[in-house]
**Student:** 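Please find one structure pasted underneath; my questions will follow.
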Amino acid sequence: MSVIEVQNLKKYFGKIKAVDDISFTVERGEIFGFLGPNGAGKTTAIRCMMDFIRPQYGSIKILDKDAQKDTVELKKNIGYLSGYVSLYDKWTGKTHIDFVCSLNGGEDRSKELIEKFDFDPTRKAKHLSSGNKQKLGLIMAFMLRPEVLILDEPTIGLAPLLQNTVYELLREATNNGSTVFMSSHNLAEVDRICSRVGIIKNGKMVAVESIHALKEMRMYTVTAYFSEDFDKNAFKMDGTEIAKELPKGLVLNVKGDLDPLIKKLGQFNLKDLEIEHASLDDIFLEYY
Amino acid sequence: MIRIFLRIIRDKKTSIIVYSVAGILLLWMYVAMFPSIRDQAESLSELMQSYPEGFLEAFGIDEGFNFDRLENFVSIEHFSLIWPIMVIFMLVSFAGAGITGEIEKGTVEIPLSRPVSRIGIFFGRYLAGLFILLIFTIFSVFAVVPLANLHAIDYVFENYTTFAILGFLFGWAIFSLAMMFSAFFSEKSRVYMFIGSLLITMYVLNLIAVLKESFQDLKFLSFFYYYDYKSAVVDNTINSEAIWVFAAVIIFCTFIGAIWYKNRDIAV
């Protein structure tokens with residue numbers, strides 16, 4: 001059973017199609033990365049999932065409940081982190097934590113998380129740095145051991161060491177059966193912790209793939225040096241793009257089958273040839 | 001809803017105390033002034049008769065009105081303009097900051113991401129606003145009892161109770177209106193602009209109705225007509241029409257505000 005099931009979600013603001021007919025599912029225990037350039041519709045989709053805004057069309061089910069009709073019931077089991085953590089200026093970290101606890105009820109693990117993040121809960125929010133605000137947001141999201149975590153850019157503004165703490169927490173959460181849906185700009189982070197990704201562009205979902213499948217996509221960077229003059233137009237072929245011209249050489253980006261290019265290269269006197277698998281960054285950029 | 005209500009009251013306790021103390025101090029000032037005004041009541045009456053009729057009507061001063069009673073004096077000096085202005089400022093700023101301000105700032109995501117309904121959030125804030133109004137009304141009106149005793153001035157307790165009811169209804173109607181506008185918009189400044197314009201328009205309509213007989217029906221469009229402080233404080237009466245109008249505004253604006261907040265996009 002899917003923990004998150006989004007079907008044909010559409011959210012328009014006037015003529016702007018912020019989210020345009022996206023569908024995806026997230027399975028139990030999975031860390032699902034939601035990627036896309038700025039303005040692609042990531043935050044809008046997350047706000048629809050949290051029922052902050054209402055879609056024009058489509059359905060969102062979380063834990064088999066309707067994200068809109070059953071929103072109050074659902075939020076007992078959801079930990080949420082906003083992309084821009086907004087806090088009450090006059091409240092301390094502890095006041096925020098106590099407030100969230102009072103609304104949710106039940107036991108919390110805020111003390112453990114405060115230690116983990118080395119966070120001072122006695123300081124007023126208006127005196128916190130952006131990194132400390134992010135820490136408090138993360139504590140509020142994780143502290144009630146939610147079944148589902150919906151996180152918008154969870155590591156933004158955090159030092160690398162603390163980013164590792166977040167990754168540990170995410171892994172621990174999924175090991176305990178929680179499901180994570182997170183948006184991110186950090187491709188290395190996605191590569192490191194996510195099992196699957198959805199890529200959104202201009203409001204449309206352009207791909208939903210496992211990280212493994214993405215890495216297996218046949219994309220190559222071919223660098224060829226020639227011992228004599230060559231005609232670069234000869235390499236204008238389907239699936240091949242000249243990325244850079246070098247003195248007596250070319251850098252080519254290849255999608256799909258390498259064989260036609262290798263055959264073409266064989267028609268010239270090659271001095272050197274290097275073939276690399278494209279990095280995950282390159283693959284993502286291809287979608288962007 | 002109760003958690004939100006309690007949290008707001010805890011956050012606003014300083015404001016509640018400051019407003020209430022300010023209300024008491026202003027009342028104290030008028031009560032302390034009253035004995036010397038009473039001694040000059042006759043000459044003040046003569047002076048007033050020399051004022052233009054329209055001017056006196058605009059300030060609720062009838063022919064034969066004089067400052068021989070505390071109720072006459074405080075109704076004109078305190079409850080006519082200063083008290084409602086304090087209530088308007090207090091409640092409109094609370095309503096604007098409570099709903100729209102939270103959306104504008106993004107803090108609304110904290111309660112919204114928890115298992116609390118939007119109706120619960122709306123009414124948690126609504127009840128907190130009513131509680132603040134109640135506290136302010138009690139302290140700023142009934143403080144007249146110890147203050148009058150302190151200065152050995154006669155007073156009629158029932159009249160102040162009647163005014164407290166009228167003032168509370170007036171404040172409640174304005175608060176409901178402000179909460180409704182706050183539920184409509186995502187920027188505090190727009191709430192203040194709309195409410196401010198509306199109340200100024202109402203005030204002006206009431207003035208025009210008082211000054212120009214041909215426009216007297218305009219008064220029915222103004223809260224300030226139904227807020228008949230003089231009848232309440234001086235004559236111990238509330239026009240039943242005022243109760244019905246305020247009740248209708250309260251019910252309508254609360255209902256529309258709550259439904260709108262429940263169904264709107266709360267984009268930050």
Side-chain angles (χ1 to χ4, degrees), chain A residues 11-14 18 43-44 46-56 65 68-91 95-106 125-126 133 136-137 140-141 143-144 146 148-152, chain B residues 1-18 93-94 96-125 127-128 132 183-188 258-268:
Chain A
K11 179 65 190 174
Y12 301 165
F13 297 107
T43 300
T44 303
I46 287 176
R47 284 177 178 161
C48 287
M49 289 165 72
M50 289 301 294
D51 192 38
F52 297 163
I53 56 176
R54 308 273 163 73
Q56 269 88 7
K65 291 190 173 85
Q68 194 175 325
K69 285 181 197 149
D70 307 314
T71 182
V72 176
E73 184 64 23
L74 253 181
K75 282 169 186 169
K76 288 178 185 165
N77 299 312
I78 294 179
Y80 169 72
L81 175 76
S82 171
Y84 176 74
V85 178
S86 297
L87 302 166
Y88 296 100
D89 285 343
K90 291 178 184 172
W91 291 12
T95 317
H96 281 89
I97 290 166
D98 290 346
F99 182 62
V100 168
C101 278
S102 73
L103 294 180
N104 259 73
K126 64 181 169 188
K133 284 181 181 171
L136 181 54
M140 291 195 287
M143 69 186 211
L144 292 155
V148 179
L149 280 153
I150 297 177
L151 312 170
D152 197 355
Chain B
M1 184 169 81
I2 295 299
R3 304 277 179 198
I4 289 172
F5 168 80
L6 292 174
R7 187 63 253 175
I8 295 166
I9 296 301
R10 221 178 293 171
D11 287 347
K12 296 284 177 191
K13 62 177 182 293
T14 311
S15 309
I16 299 170
I17 292 168
V18 168
S93 66
F94 176 81
I99 300 285
T100 318
E102 288 233 327
I103 295 170
E104 198 175 0
K105 208 168 167 252
T107 47
V108 70
E109 287 194 355
I110 296 177
L112 270 186
S113 61
R114 300 289 111 209
V116 189
S117 67
R118 291 186 182 198
I119 291 289
I121 295 171
F122 182 87
F123 280 106
R125 300 195 174 285
L127 290 179
I132 291 169
F184 289 168
F185 298 122
S186 298
E187 291 157 27
K188 266 193 300 188
I259 295 298
W260 197 280
Y261 188 71
K262 182 176 177 281
N263 294 314
R264 65 168 289 180
D265 277 354
I266 300 187
V268 183

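We name chains A, B, ... by the order of the sequence lines, and we start the count at 1 in each one.
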**Student:** Would you say the side chain of A/Phe99 lies within less than 4.5 Å of the side chain of B/Ile4, judging by non-hydrogen atoms?
**Tutor:** yes
**Student:** Taking B/Lys105 for the side chain and A/Leu87 for the main chain, is one N or O donor matched with an acceptor at less than 3.5 Å?
**Tutor:** yes
**Student:** Give the minimum heavy-atom separation between B/Arg118 and A/Ile53, together with the two atoms involved.
**Tutor:** NH2-N, 4.3 Å
**Student:** Do B/Val116 and A/Val72 make a side-chain contact, defined as non-hydrogen atoms from C-beta onward lying under 4.5 Å apart?
**Tutor:** no
**Student:** Counting only heavy atoms closer than 4.5 Å, note whether B/Arg264 contacts chain A via side chain, backbone, both or neither.
**Tutor:** backbone
**Student:** Side chain from CB out, backbone as N, CA, C, O: work out which of these in A/Lys76 comes under 4.5 Å of a heavy atom of chain B, or both, or neither.
**Tutor:** both
**Student:** Would a 4.5 Å heavy-atom cut-off, applied to side chains only, mark A/Trp91 and B/Arg7 as touching?
**Tutor:** yes
**Student:** Check whether any side-chain heavy atom of B/Glu109 lies under 4.5 Å from a side-chain heavy atom of A/Ser82, and answer yes or no.
**Tutor:** yes
**Student:** Are A/Arg47 and B/Asp265 within salt-bridge range, i.e. N to O under 4.0 Å?
**Tutor:** no
**Student:** Tell me, side chain or backbone of A/Asp89 under 4.5 Å from chain B's heavy atoms, or both, or neither?
**Tutor:** both
**Student:** Rounded to the nearest 0.5 Å, what separates atom CZ in B/Arg114 from atom OG in A/Ser102?
**Tutor:** 10.5 Å
**Student:** By a 4.5 Å heavy-atom criterion (distance strictly below it), what part of B/Asp11 contacts chain A: side chain, backbone, both, or neither?
**Tutor:** side chain
**Student:** How about A/Met50 and B/Leu112: do any of their side-chain heavy atoms sit closer than 4.5 Å?
**Tutor:** no
**Student:** So which heavy atom on B/Gly106 is nearest to which on A/Ser86, and how close?
**Tutor:** C-CB, 3.4 Å
**Student:** Chain B heavy atoms under 4.5 Å from A/Ile150: which part of the residue, side chain, backbone, both or neither?
**Tutor:** neither
**Student:** State, with a plain yes or no, whether a side-chain heavy atom of A/Asn104 is found less than 4.5 Å away from one of B/Pro115.
**Tutor:** yes
**Student:** Supply the atom-to-atom distance B/Ser113 OG to A/Leu103 CG, rounded to the nearest 0.5 angstrom.
**Tutor:** 9.0 Å
